[in-house]
Amino acid sequence: MNDGVTAQALPAIHALPDGEAEISLVVRLPWEDVARLGQEAGRLAAQLKRPVTLDEAVGNRLRTVRPSAAHARPAGEQPAATATTAATASVASLPRITGTA
């Protein structure tokens, strides 16, 4: 049965030994958001005193923005915002860069 969904459209989900899960996906962002994520990575790198990837900065931001979302909720108890909205809000909450590139 072909429902129009290809294997490429489905994100890869992997269980990690530490009990977390890893989801691979592609997100299109404006350059301004990428720059803010870079700033977040810089702040995190200074705090941890080691290099940090944008992936790690995004993961850290998502974990610290919604600390009460430690466990998944049943479908009937989902908040009105979607995961995409939460990710967008996380990026939007980063400080704006002033000046020109």
### Side-chain cluster (under 4.5 Å, hydrophobic types only) that Leu44 belongs to, other residues
Leu48, Val52
#### Entry: side-chain contact (heavy atoms from CB on, under 4.5 Å) involving Pro51 - partner list, sequence neighbours excluded
none
### Query
Looking at residues at least two apart in the chain, or sitting in another chain, which of them share a side-chain contact (heavy atoms from CB on, under 4.5 Å) with Val27?
Leu25, Leu29
### Query
Which pairs count as salt bridge (charged side-chain N to carboxylate O under 4.0 Å, His left out) when at least one residue sits in residues 47-56, sequence neighbours excluded?
Arg50-Glu56
Donor-acceptor contacts, no H, no angles, side chain residues 12-22, under 3.5 Å, sequence neighbours left out:
from	atom 1	to	atom 2	distance (Å)
Asp18	OD1	Glu20	N	3.1

### Stepwise side chain to side chain contact (heavy atoms under 4.5 Å, CB included) check, Leu37 with Arg61
CA-CA 9 Å; Leu37 289 171; Arg61 172 59 87 168; 5.7 Å; no
#### Entry: For Arg28, salt bridge (Lys or Arg N to Asp or Glu O under 4.0 Å) partners two or more places apart
none
